[in-house]
Peer 1: 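Submitted below is the structure of interest, expressed as structure tokens.
From a predicted model like this one, the values you see are computed outputs, not experimental measurements.
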Amino acid sequence: MAVKIKLKRLGKIRQPHYRIVVADARTRRDGRAIEEIGIYHPTYNPSRIEVNAERAQYWLSVGAQPTEAVLAILKLTGDWQAHKGLPAPAPLLQPVTKEDKRRTFDEFAKALEGGDAKGEAITQKAKKADKKADEAEAAAESTEA
């Protein structure tokens, strides 16, 4: 019996969330599973990924084949590298806290007070208008002289 580690889709239309399951390769996508080893919520920002590393290692060691999507998830969590004996990847991004947002805002406010940032945006239209105004001034000066 061929065993695969794959995603089982749950949720409403346009609001998917998945469970990472171990199932017979012949079962349908949302069919019966042998074991659930994790979850994946792609619509969250950042995506929520939780994998039971111990069970994932077990199933990989006994020959279960991950699908492409699950392989990408296992590489992000570092379970695939642990299985293959490769160095671990960089840690996943942690959610931004209110304190981090506040600190960034305070730094931006200080930059504005110090005059580091420009007050106006310069666009192509503004440049063209300035050029026309300069030409009009030059023409007025030449007619006066």
Peer 1: Kindly indicate whether the side chain of Ile39, heavy atoms from C-beta on, has any atom under 4.5 Å from the side chain of Arg48.
Peer 2: yes

Peer 1: Is it true that a side-chain atom of Asp30 and a backbone atom of Arg9 form a donor plus acceptor pair closer than 3.5 Å?
Peer 2: yes

Peer 1: Taking Tyr58 as the starting point, is it possible to reach Val51 by hopping between hydrophobic residues whose side chains are less than 4.5 Å apart?
Peer 2: yes

Peer 1: Once you round to the nearest 0.5 Å, how far does CH2 of Trp59 lie from CD1 of Ile20?
Peer 2: 15.0 Å

Peer 1: So which heavy atom on Ala23 is nearest to which on Ala33, and how close?
Peer 2: CB-CA, 4.1 Å

Peer 1: Measure the spacing between CG of Leu71 and CG of Leu76 and express it to the nearest 0.5 Å.
Peer 2: 10.0 Å

Peer 1: Any idea which heavy atoms bring Pro16 and Arg14 closest together, and the distance?
Peer 2: CD-C, 3.4 Å

Peer 1: Would you call Lys75 and Pro89 a side-chain contact if the rule is heavy atoms closer than 4.5 Å?
Peer 2: no

Peer 1: Indicate yes or no: at least one non-hydrogen side-chain atom of Lys6 is less than 4.5 angstrom from one of Thr27.
Peer 2: yes

Peer 1: If you compare all heavy atoms of Ser47 against all heavy atoms of Pro42, which two are closest, and at what distance to 0.1 Å?
Peer 2: OG-O, 3.5 Å

Peer 1: Got Leu7 and Ile73 here, is their nearest side-chain heavy-atom distance under 4.5 Å?
Peer 2: yes

Peer 1: Do Leu60 and Pro66 have side chains that get closer than 4.5 Å, going by heavy atoms?
Peer 2: yes

Peer 1: Fit a plane to each ring of Trp80 and His83, take the angle between them on a 0 to 90° scale, and name the class: parallel (under 30°), tilted (30 to 60°) or perpendicular (over 60°).
Peer 2: tilted

Peer 1: Only one of Lys8, Arg19, Arg55 forms a salt bridge (charged side-chain N to carboxylate O under 4.0 Å, His left out) with Glu35, so which one is it?
Peer 2: Arg55

Peer 1: Any idea which heavy atoms bring Ala25 and Lys4 closest together, and the distance?
Peer 2: CB-CG, 3.8 Å

Peer 1: Side-chain heavy atoms under 4.5 angstrom apart, residues restricted to Ile, Leu, Val, Met, Phe, Trp, Tyr: same cluster for Val21 and Val3?
Peer 2: no

